[in-house]
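First up is the structure itself, then whatever we jot down about it.
It should be emphasised that the depicted structure is a prediction, and the values quoted were computed from it without experimental measurement.
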Amino acid sequence: MLVTNDLVDKILPILETQKIFFIDVETDGLEPYYGNRICGIGIGIASGKTYYFPFRHKHDQSKNLSQEYLKLLIGILNDSEKLIGYNIKFDLHMLIQEGLIPWDKELVDVLVAIRLIEKERFPELGLSPTIDRIFGEGNSKYDIETKIILRKNKWIKDFSMSPEKILGPYCEEDVMWTRKLYIHSEYEIKRTSQEKIWNLQQKLTRILLRMEFNGIRIDSNYCKQALNLLNEYKPILGKKIFDLANREFNILSPKQIGEVFTDLGISSPEITNKGNPSWNETALFQIDHPLSGLIREYRTLGKLGSTYLEPFVDYLTLHGSFCNWGTATGRLSSRDPNLQNIPRFITSLSGEITLEQSKEVQERIEAIVRARKGTSVLIGGATLSAMTGFTTEKYYSDEDSERISIRRLFIPRPGYKLISYDYSQMEVRTFISYFSNQRISDLMKKEGFDFHKEAAKIGFNKSGNEPDFHFYRQMAKAITFGIIYGIGNARLASQLGKTEEEAKEYKKAYFKAIEGSREFIRETTNNAQLHGYVINKYGRKYWIDSGKEYVAVNYLVQGTSADILTERMIALEDYFKAVRGKMLIQIHDELICEVPEDSYVEISKKVKDILEENSLDIPLVVDVSLCDPSWAHKKDLVLI
DNA sequence: CCTGACTCA
DNA sequence: CATTTGAGTCAGG
């Protein structure tokens, strides 16, 4: 029902009697924190009745309800107990701009429920494709027809341009279908015994809403400074490349890079997934020509600028969005911007050749070289320039004006400290928990326990003091991740820099050392084959295609880890409410938070305890670091 | 193995 | 001519 000025006084009292609402808002754009606003609100109630309240349609403003009524409606929503919507965080951010206070309400995202019950992972997760899948093709006709009208009239980028007569019924259909999907998914979740995981996911929605609402502060001065530095240096580097190549070309185009190298008589040592010559980092590492190092450098700078500096330069606070739907395993994903892949390394602009590098950088290079041992031309000092034509490093210092750290952009609000809480070797611990290896479980309770070191000791019969022990630790580490990721023997071998036969031998020794691991993997794969699904420790069900059973172990380990963190974030919510702490970013096994600076040490002690506790009884260890004054300055925080 | 963003063609 | 699409690359776990 389209709510008009003569109806509104009769309808609001009906809504006042309700505690649960289905909601869908229409807006003039997608960015609630950068000026976009609601033009109308769709509301559904338990009986199935739906209403559309137009407030800011530009087409015929006489049909809009006054701002007084908007306030009254928000008041009614504020008195409710439960709000249900499809991709509900978007609607809530918009409603927050109008005064909605959702922080103690039950918030239900029907999209999240749908993802738990659909066997297949469909790429189309919008409301209309979903109702077609679940209730039959053709049910979303209203959506297609409305979108055609909107597009034809150029209203598609700003729905508020359209008349309420068009958008109202459309919005009400959305609300109606949201309700139907909700009823359906409630039933299906019970039928597939996923109540536990659904309960966690539901609570997580409110936490993610809060994180997105909080946002994270950006040091825009540093951002501008870094961008200037980059823009000064990039043309110089470009010119160097053109001089060496004896021509101008688009350095970011793999195709054109290929042409340049072909003309120099150099062919690619790698191929892409589609079988074309590849010019990625691994390939360039193996090419003994000064161009390859410079191209790698140019690409890194390009990425830094276009992905991590330019998009942030006009903002003081970044409000990304975290999705608790969409991933195969139950992890979160992050977008607009993606805050889960902010570079850890620091990029040096001077083009210097640095031989002394941090352990982390060394390992990175070693891994690449090892992967191509035998075919690599990377032997001896002559090729070092290709390898280290530029450097990336781990530690940032303010004095160094020739280096750029993206994490340096991220700072706390005034009055707060930025703290990072990191799970130590979380996936490994989850992996071990699947086959109750008591001996390792006991060791894992100790602070600073290094699983890879231990695996190398017992797997390869080492004491830990051998000169080549580092090598064996790397082997053990590669095998552990290889197993968790479900990679085949061939890829493991290439990663180890060994033949397939040798890799198998290493794996055998490993399985023998880590008692129970082989049986766990075998059983999991068998279950996937037998039933077509596996179930993780929280009851999350993963449907697995025949022939892809090797993903099952990864799904269980990655998914259970993700669900542990979800459970712990829920546990943190109440405590943070009491002490004014804020969760800002989750990166799978790490939580970046803002904590009041006057008591950050005491609070962090408690947070560590909360995060280490868990209902699965896995011995988890959380490392706490202070990021002061920025994320780039991350340092261990000793808590006594 | 699980992601998302950007660029080119 | 503008917009969409697939491939390639690379940032994180």
message: One character per nucleotide, please: for nucleotides 4-9 of chain B, 5' to 3', B when the base has a protein heavy atom closer than 4.0 Å, S when only the sugar-phosphate does, - otherwise.
response: BBSSSS
message: With the threshold set at under 4.0 Å for non-hydrogen atoms, list the residues of residues 112-125 of chain A touching DNA chain B in residue-number order.
response: A:R121
For A:F90, ring pair (Phe, Tyr, Trp, His ring centres under 6.0 Å) partners two or more places apart: none
statement: Contacts of A:F242 meeting ring pair (Phe, Tyr, Trp, His ring centres under 6.0 Å) (sequence neighbours excluded), chain-then-number -> A:F249
Not counting sequence neighbours, which residues clear side chain to side chain donor-acceptor pair (under 3.5 Å) with [X]? List them please.
X      : value
A:D563 : A:N536, A:R540
A:Y423 : none
A:H633 : A:D398, A:S630

field: Counterpart residues, salt bridge (Lys or Arg N to Asp or Glu O under 4.0 Å), relative to A:K635 (two or more places apart)
entry: none
Using a cut-off of under 3.5 Å, enumerate the N/O to N/O pairs linking the protein to nucleotides 1-6 of chain C.
none

field: Listed partners of A:T146 passing side chain to side chain contact (heavy atoms under 4.5 Å, CB included), at least two apart
entry: A:L150, A:I166, A:Y170
Listed partners of A:N87 passing side chain to side chain contact (heavy atoms under 4.5 Å, CB included), at least two apart: A:D109, A:L111, A:W325
Inter- and intrachain pairs under side chain to side chain donor-acceptor pair (under 3.5 Å), touching residues 113-128 of chain A, at least two apart: A:E118-A:R133, A:S128-A:D143
